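All residue numbers in this chain count up from 1 along the given sequence. Here the structure is a predicted model, which is why all the values come from computation and not from measurement.
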Amino acid sequence: MRIRLGEWKVLAKPSSFDILTETNIALPKLGGHVVWFTPDKPGHGYFKTILTSKQDAIYNKYNKGKVHQWVIAFNHNRAALLQSFNWHYGKDIKGNRYDSTDVFTSMDSPLGPWKKLTTWKLNSSEKNTLTLEKPAWARFVKFIPHANPKQKFKTTINLPDQIEVFEARDGQALSILGEWGQDSSNGPYELFNNPQISENKDLPAHITKERAKLLDIGKTIPSQVRLGDYTNWYKVTIPEGKNTISATLSSFPTIGAEAKLFKVETNDNNENGENKEIPFVFKKVSPQSSNYEAIVESGEYYIQIVEPPRSVVFVWDTSASTVPVRPIIQQAVLSYIKDVKPGLDEAQMLPFGGSFLSKNWLDQPYMLQSILNDYNGAGNSSDAESALIQSAEKLRDRKGKKIIVLITDAATNHNNALWNTLREVRPRILAIGLSSKGNLVPDPATDQDLLQDWAWSSRGDYQYADSIGSVERAYDRISSKIRQAAEYNIVVTTEFKEAPKPGFLEVVSHSKKKSATTIKLPAPTIEVILDASGSMFSPMGKLRRYQVARNVLVDLVNKQLPDNANFGLRVFGHKESGSCRTDLEIPIKRLNRKQAIKKIKKIAPKSYAKTPIAASLIAAASDLKKIKGEKIILLITDGKETCDGDPAKAIATLNESGVNTSVNIVGFAINNDALEAKFRRWAKAGNGEYQQALDSDALLKSIKKLSARKFKVIGADGEIQGTYYTNDEPIELPVGEYNIDFGNGLVKKVVIMQNKTLMIKAGN
């Protein structure tokens, strides 16, 4: 009997041979790889540089305060029971070295959460070894090395020539390099720690408030919810002496349910009446676990568990190697979008190297199908990482589930911004890996590492497809994963906590603090009209009025305006004595702080120069005509119109011109009620505000307010807490979740924590 084989494997029991003893599982040829590295790439091929022994030293720039870190993973991102590490420097390496490194582990994602394993002290030897007292499970390992604190401010420092990682091998532990299934991320950890949710797949009975299930404190209950079909309701009693309820939802591989809390209210007949929702403070513990907490009174409460709406971006490779499967990709996307449920599902589509096929999120199947049918297949790009960034940014401010369905062979350029974007947005990536056969430089192992790493960023899913038929099957499996019921476990606890102290919210337009959270907003446009007429020579304390105004404008440019602001400056009274001339000294363009300050400091009034307010407003309309977006005219003047113009008519003309701007006016050092009343009417007609400023401090405060962005803070219950301005004093708020509404649909969800100030940079 003769048998012909194309491939074959030899399988044996772990105890039958010793070949895996002391094997470095970080070697790239065994599946080890660098997932991400910050802040800079240390050179070409950085995914393998620090995992393979090389003759040349690899240097990286070192700056004090700049933290280097990298994450490594093992074969197919399997969880390994780790015992020891080696840190090698090559024999020819000279110069600066790291003194120590913090070592962290994660079982969930290459983005954490992280558990600190140890701080590893490094000496100047060619080889440093770390042996753990007790083996530790890890799917991802993060290193944050530290240089000598006496190191020069700017220098170069050596990365390790090679890092080695070894599993525990006591005769009982199983290796991740064993036979665990083709491309599978499961391994020895899952063999002994198989997570269980619920064995009951039937429709739950507690799907209405009237049929709510009694929830015992501290008892874990499994169930499931399905978007658009059914939710779950529970009833829980908070005993006397307790004022805090905590609900923890967990699931595997990722949590797909959310919790809401309601107070059980009764009417005069002692029957259930309307139930008021109580804000839950939400904390994402890990991809598999979420925690909700609220300060409450004793009594009865409902907890509703829902599957939130979905936002799905379909993104696919358009490079030449994918030509044979493009019709299948298009058909697969069509098979999903034809069943989109309006109000529950919304979708976007993005071919590599192109733009989204629709400007808006769509939830109508016929519109999505029509747009996809009109797509002509254009594009020739394999840039998966840039496409992932585009997709994640599209999902950034979406509520509910954020999903990316990715189809590519992952033969891509690398984009350093990708992992930061994934860390901030945390989309769930469902990846279909195509064969890289046909690429100029195919590297199937690296391509597969990339796809699995992306999918593991938020515990998504990875399917490998090496044929047209397998692409269809992979897509069917992923579509079913998106729409399957969300299983979960819920456990509720109660306790007494001291009433939390308030927190603070500070919204600024310009900050260099690394701790500030940046919200990307459209660039504002501000044109200042500055009065430099003869009256601005008048003294104000130790300075003159025009000097005070200049100083305040320098502060505005240097500290108040966001980096992406468009700025212009129109001045009158500084060119000719006795003149009604008005000049655009700084044309409206992207703010250049140094140039603007230099120009402002040169402005000085001419004797007897007049005040052409109306002419300046009319000229400003022309200045702003071609500028799009939010626009503000800020007029700073210490006197009335003296050039026979009609400012009220000029503002009416400005409104009719379609320039879409607001006119804010600061009356500087004016003590004339009639003139101030006129200024207020003009500002109101110009959709703006008027501020009186009798001294330098008041002028600074007025300009800060009138040049700032306006925003509303809205509580989780929908109540508006107040209207505020950027660059103002921090706002004191009770602990909890809030929405910051900047207008035009720009809303940012934030969490205020006690005794902490959340700084938000509202700019670019």
Kindly give the heavy-atom pair with the smallest separation between [X] and [Y], and that separation in Å.
X: T412; Y: A384; value: OG1-N, 3.0 Å
X: E167; Y: A80; value: OE2-CB, 4.0 Å
X: I403; Y: L395; value: O-CD1, 3.8 Å
X: L422; Y: P427; value: CD2-CG, 3.9 Å
X: N24; Y: L30; value: O-CD1, 3.5 Å
X: K481; Y: Q463; value: CE-NE2, 4.3 Å

(request) Can you spot which of I407, D383, L406, D409 makes a side chain to side chain contact (heavy atoms under 4.5 Å, CB included) with D317? (result)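 Going through the options one by one, the only one that passes is D409.
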(request) Look at the rings of Y462 and Y464 and say which category their plane angle falls in: under 30° parallel, 30 to 60° tilted, over 60° perpendicular. (result) tilted
(request) Could you tell me how the ring of F143 sits relative to the ring of W120: parallel (under 30°), tilted (30 to 60°) or perpendicular (over 60°)? (result) tilted
Under a 4.0 Å N-O cut-off, is there an ion pair linking [X] with [Y]?
X: E293; Y: K497; result: yes
X: K761; Y: D563; result: yes
X: R139; Y: D108; result: no

(message) Would W456 and S185 count as a side-chain hydrogen bond (donor to acceptor under 3.5 Å, both in side chains) here? Give the steps.
(response) CA-CA 10 Å; W456 269 92; S185 293; 3.2 Å; yes
(request) Determine, step by step, whether D102 and T119 satisfy the side-chain hydrogen bond (donor to acceptor under 3.5 Å, both in side chains) criterion, reporting the C-alpha distance in whole Å, the side-chain angles of both residues, the deciding distance to 0.1 Å, and the verdict. (result) CA-CA 4 Å; D102 291 331; T119 295; 2.6 Å; yes
(request) Apply side-chain hydrogen bond (donor to acceptor under 3.5 Å, both in side chains) to the pair Q448 and D183, showing each step before the final yes or no. (result) CA-CA 9 Å; Q448 192 171 63; D183 309 327; 3.0 Å; yes
(message) List the residues meeting side chain to side chain contact (heavy atoms under 4.5 Å, CB included) with S290, not counting sequence neighbours, and say none if there are none.
(response) I255, F282, K284, Y292
(request) Could you pull out all residues at least two apart from S124 that satisfy side chain to side chain contact (heavy atoms under 4.5 Å, CB included)? (result)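 Partners of S124 under the side chain to side chain contact (heavy atoms under 4.5 Å, CB included) test: none.
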(message) If we count only N and O atoms by modelled type, under 3.5 Å, do the side chains of E126 and H88 hold a donor and an acceptor together?
(response)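 Short answer, no.
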(request) Indicate whether any N or O donor in one side chain lies under 3.5 Å from an N or O acceptor in the other, for N128 and N86. (result)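 Note: N128 and N86 side chains miss the donor-acceptor criterion.
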Mind checking the [atom1]-[atom2] spacing from [X] to [Y]? Nearest 0.5 Å is all I need.
X: R310; Y: R398; atom1: CZ; atom2: CZ; answer: 13.0 Å
X: F352; Y: T318; atom1: CZ; atom2: OG1; answer: 7.5 Å
X: T421; Y: E385; atom1: OG1; atom2: CD; answer: 10.5 Å
X: L111; Y: K142; atom1: CG; atom2: NZ; answer: 9.0 Å
X: Q83; Y: L130; atom1: CD; atom2: CG; answer: 9.5 Å
X: L117; Y: L132; atom1: CG; atom2: CG; answer: 5.0 Å

(message) Measuring centre to centre across the rings, with the benzene-like ring taken for any Trp, is W70 within less than 6.0 Å of F37?
(response) yes
(request) Applying side-chain contact (heavy atoms from CB on, under 4.5 Å), run through N489 and S251 and close with a yes or a no. (result) CA-CA 6 Å; N489 287 330; S251 186; over 6 Å; no
(request) Would you mind reporting whether L430 and I404 have side-chain heavy atoms less than 4.5 Å apart? (result)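 Not in contact.
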(message) Within the 4.5 Å heavy-atom criterion, are L51 and V34 side-chain neighbours or not?
(response) yes
(message) For F104, does the six-membered ring have the charged nitrogen or CZ of K115 within the cation-pi criterion, i.e. under 6.0 angstrom from the centroid and within 45° of the normal?
(response) no
(request) Can you sort out the partners of R78 under salt bridge (charged side-chain N to carboxylate O under 4.0 Å, His left out), two or more places apart, ordered by chain and number? (result)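 By the salt bridge (charged side-chain N to carboxylate O under 4.0 Å, His left out) rule, R78 matches no residue at all.
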(message) Just checking M753: does its CE atom have more than 12 heavy atoms from other residues, nucleotides or ligands closer to it than 6.0 angstrom?
(response)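 No, the 6.0 Å shell around CE holds no more than 12 heavy atoms from other groups.
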(message) Between K127 and W87, is the side-chain contact (heavy atoms from CB on, under 4.5 Å) condition met? List the steps.
(response) CA-CA 6 Å; K127 176 183 175 181; W87 179 296; over 6 Å; no
(request) Take N77 and D453 through the side-chain hydrogen bond (donor to acceptor under 3.5 Å, both in side chains) test and state the conclusion after the steps. (result) CA-CA 7 Å; N77 289 353; D453 291 343; 3.1 Å; yes
(message) Before you tell me yes or no, could you show the steps for F85 and V141 under side-chain contact (heavy atoms from CB on, under 4.5 Å), namely the whole-Å CA-CA distance, both residues' side-chain angles and the distance that decides it to 0.1 Å?
(response) CA-CA 11 Å; F85 303 81; V141 183; 4.2 Å; yes
(request) Under the side-chain contact (heavy atoms from CB on, under 4.5 Å) rule, what do L27 and I25 come out as? Steps first, then yes or no, please. (result) CA-CA 5 Å; L27 278 174; I25 61 172; over 6 Å; no
